[in-house]
Participant: 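Before we start, here is the structure in question, set down as structure tokens.
In what follows, chains are A, B, ... by sequence order, proteins preceding strands, each numbered from 1. Excluded from the calculations below are hydrogen atoms, water molecules and symmetry mates; all remaining heavy atoms, backbone and side chain alike, are included.
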4 protein chains.
Amino acid sequence: MNKAILIIQCPDQKGIVAAVSQFLYSYNGNILEVDQHVDGEMGMFFMRASWELDSFGLKKEDIKTQFQTEVGEKFSMQFNLHFNFPKPRMAIFVSKLSHCLFDILGRHHSGQLAVDIPLVISNHEDLKPIVAAFGIPFYTIPVTAATKASAEGQQMELMKSHAIDFVVLARYMQIISPEFIRFFPNRIINIHHSFLPAFVGAKPYHAAYERGVKIIGATAHYVTEELDAGPIIEQEVARVRHHNTVPELVQIGQDVEKMVLSKAIKFHIERKVLAFKNKTVIFY
Amino acid sequence: MNKAILIIQCPDQKGIVAAVSQFLYSYNGNILEVDQHVDGEMGMFFMRASWELDSFGLKKEDIKTQFQTEVGEKFSMQFNLHFNFPKPRMAIFVSKLSHCLFDILGRHHSGQLAVDIPLVISNHEDLKPIVAAFGIPFYTIPVTAATKASAEGQQMELMKSHAIDFVVLARYMQIISPEFIRFFPNRIINIHHSFLPAFVGAKPYHAAYERGVKIIGATAHYVTEELDAGPIIEQEVARVRHHNTVPELVQIGQDVEKMVLSKAIKFHIERKVLAFKNKTVIFY
Amino acid sequence: MNKAILIIQCPDQKGIVAAVSQFLYSYNGNILEVDQHVDGEMGMFFMRASWELDSFGLKKEDIKTQFQTEVGEKFSMQFNLHFNFPKPRMAIFVSKLSHCLFDILGRHHSGQLAVDIPLVISNHEDLKPIVAAFGIPFYTIPVTAATKASAEGQQMELMKSHAIDFVVLARYMQIISPEFIRFFPNRIINIHHSFLPAFVGAKPYHAAYERGVKIIGATAHYVTEELDAGPIIEQEVARVRHHNTVPELVQIGQDVEKMVLSKAIKFHIERKVLAFKNKTVIFY
Amino acid sequence: MNKAILIIQCPDQKGIVAAVSQFLYSYNGNILEVDQHVDGEMGMFFMRASWELDSFGLKKEDIKTQFQTEVGEKFSMQFNLHFNFPKPRMAIFVSKLSHCLFDILGRHHSGQLAVDIPLVISNHEDLKPIVAAFGIPFYTIPVTAATKASAEGQQMELMKSHAIDFVVLARYMQIISPEFIRFFPNRIINIHHSFLPAFVGAKPYHAAYERGVKIIGATAHYVTEELDAGPIIEQEVARVRHHNTVPELVQIGQDVEKMVLSKAIKFHIERKVLAFKNKTVIFY
């Protein structure tokens, strides 16, 4: 089914739901989903609405302007209009660890993720054969302290030439530069292998072991310039016991990581995430 | 804050959200929450909307008629209008087990449940002293096979004289008659000590032990004439291990029961449950 | 590290732990893990002990006889002696659904499962390319009502010629014959796509949808001749909501299925499962 | 059933399990539970064993000396010998929040906690009536900056005169002095209202709200002189959503707090916790 999705934010005030739903109704729109959230503390209103496109009375290319004129201006809205076609284009960055990558590729292969994956980029060769088996181009771009800038230049060229919409860091293990981040605001999804804000930085499983926690976790978040501090999209946890060694924590944690990352990707693809300041609204 | 809550069901069609939100806006209503659900298989539309009453342009007693005239008729709606005051009046039925009762009383005492509890009814004396400490009248109505009808008669009298809105069976352990059930359609909440539909009937923990399951659960549901088959409001589970005996399953399960029942009560009080046929829509 | 694992069952009586641990100590064994379980109802004692082999005072091939003579006989023990090398040999049976298969292959590829996978058998061609990418032989053996017996004959030949130790049905979707089951007692692991004993049989997600449950699940169990009734190894659940359609339940459920099945396989490989009558003891 | 429980720690070496189980067997002990843990990194061995006392060949008062002579010395063990009678004596400290207190009292009332509760101490009067209904003495000892030292003096007197074994801070909200802590090493259980080490210090729910986490938690730990840094006994979490306000986080979190604290108390009472350095071994 062809559908349109509208993600709205504006100062809270009366009449917004009525105006948006009236707009859609006036053009014969069949609303599929509508969800709203009022942040009382900030006085902000957030909304997501989706509707069928085929019977809609406006042409795809006219909706944005018409909505801005009829509704958006009145309420000082910022809004994004999305369609579920063509599919968004996702780049995956990996290093040597395969668990997140395979989970994404498996889901994609079975049709669970409505996304195109034009390429996978890695600083190592290791995962190339499997990616090839899934029929996806694999680019190896080694990264050292000396070559970091030029490596990122190559990555950026690939992003542009493949018209990439958003990037997934599937345990990529490299710091992304502020320039790259600014190019994809709230469009780089990282998986951090701890239950943030616990255990920021490197080696969170070692830190969890040292502290003797009874539960470990993983966090999918949008990358911002401050490390491990971007808006959280999804988190999940798993129980551990005193006898679990660090390698066992790693293994238990990897299951959590892959599930959390894939869930976050799905939310992002389905336009269910609205990032505002340092938080996310997840419409589901 | 004084608020009104509208729960709607009608055949699915275009324009419902627009009509409802336009109605509220036209009387200067400030929408607090709006949530909808379309059941594509049944072709049904369900909606919950809440708004502030104080600034609303209709008198409390006129809303129902006006909404029916302006909106309800057009869409063949069935709807219920609720207010968060006066608080609903809840009767609790218990037997000898205290865990669910104490959990409810504790929450009520700390202000977590916006409900009045005019009375607790039991077929045993055991729990009277604690209920008394919470300042709630306790009626002991013994039930035997011979006295069941007259006992239920007394219970019904108490329901009427205390203007009870809904009933909670907090591990009451007695079968409720069809007459009583019909008097409170989708307004009797029971906690069943299994993860329905597994282990219907008596002694579910024994059955779980015999089957060797690794997870047990509890189910809060509205009581219908068919035993353990009413619309499910909430379920939760807990892990168990091979070494857990039946008494240990009971103890682990009781924790799940009390949490599930209290959650279901809260959903019911806050008018977040819409029961339709044999299922529930939970707006949260 | 080379290690030996002893799994014991016998009538409960005093002195068992002392006798077993004394036996291991007398041959200079360094105990790595020891776990026991007494089933008071059945009067049975179960135990798992593992120890380092390299410094052990008995030759690998003599341990069984010596233990039987010194300890086993006295306590009327039934016991199995395992070593963590050579690795057990696992056959995977699949149909068209890929989620469980890919999860297993991904874990195997990253070294998480200490098992050899000599072959994958399927009644369809679909999953062959990916299995090939992992370097594992893939045999397509179509199954129809008419060819079922001969198909199973071919499967059994492959089991023998590849010296298969145990079989994993990764959503194989075909009923296994009693003869095949008897050949692998408690050595065929199936994943059932419901939280057993709820929703036995076909189409459990449809049944869950109809019943309106708030939680769905999956169950890994050993296959016995009675359908969906074998000893449960592991179960897990996921929350669902009223708006989830059957296809969404399927998708949510597949995540649970793959995690549960992989966990059960790991327990089986590490010899942490003792199946007795219709239940399992899981030593972990 | 009268039983004895032995909790052992010593440098790891061969023969410990054999020596302990042989000791128990030599005096006709029927082992009920045995569990061990080797910390390979620290080279430490930890063990818990319980056995029936009635048929045991040593008098209760002789076991400690005899075990030390026959086994303890040889392995340089530190060990504690416990009996399940008389019941341990637990003091509860509370402030104004009732949820943890009521949960503990409810469990105690239904016989779920094998403990005596000689008194509840609070710096406020609020919870006195309910505690009285459960028949437990309630002492109000106000605490201000000026009176803190003398208040703690009174508390300590009550601890001594009531022969208190361990203390539970059920959201007591006051800092305990180092002197008091040293008097009860690893015998003061606190519930911290966050998933430590995330959100140490005051107002963790506000901090969780600000950070936009998707999961909140609670942590039961032994109190040490470093705030919120003692050995963790148990943790649990609950999902939250973007629309949850701070008061809602508090309410959701209180459910987690009370369950975690009660579970930790139960572990402590049943002598299933071994605290070593900054961690715990939980034998279950």
Participant: So for B:E41, is it side chain, backbone, both, or neither that comes closer than 4.5 Å to the heavy atoms of chain C?
Facilitator: side chain

Participant: Determine whether C:H243 and B:Q36 make a side-chain contact, defined as any pair of heavy atoms from C-beta on separated by less than 4.5 Å.
Facilitator: no

Participant: Chain B heavy atoms under 4.5 Å from C:Y284: which part of the residue, side chain, backbone, both or neither?
Facilitator: both

Participant: Apply side chain to side chain contact (heavy atoms under 4.5 Å, CB included) to the pair C:H37 and B:R241, showing each step before the final yes or no.
Facilitator: CA-CA 11 Å; C:H37 168 56; B:R241 293 194 58 193; over 6 Å; no

Participant: Identify the heavy atoms of C:I282 and B:H242 that sit nearest to each other, and give their distance.
Facilitator: O-CE1, 2.9 Å

Participant: I need the contact set between residues 193-215 of chain B and chain C: heavy-atom distance under 4.5 Å, sorted by residue number.
Facilitator: B:F195, B:L196, B:P197, B:A198, B:F199, B:Y209, B:E210, B:R211, B:G212, B:V213, B:K214, B:I215

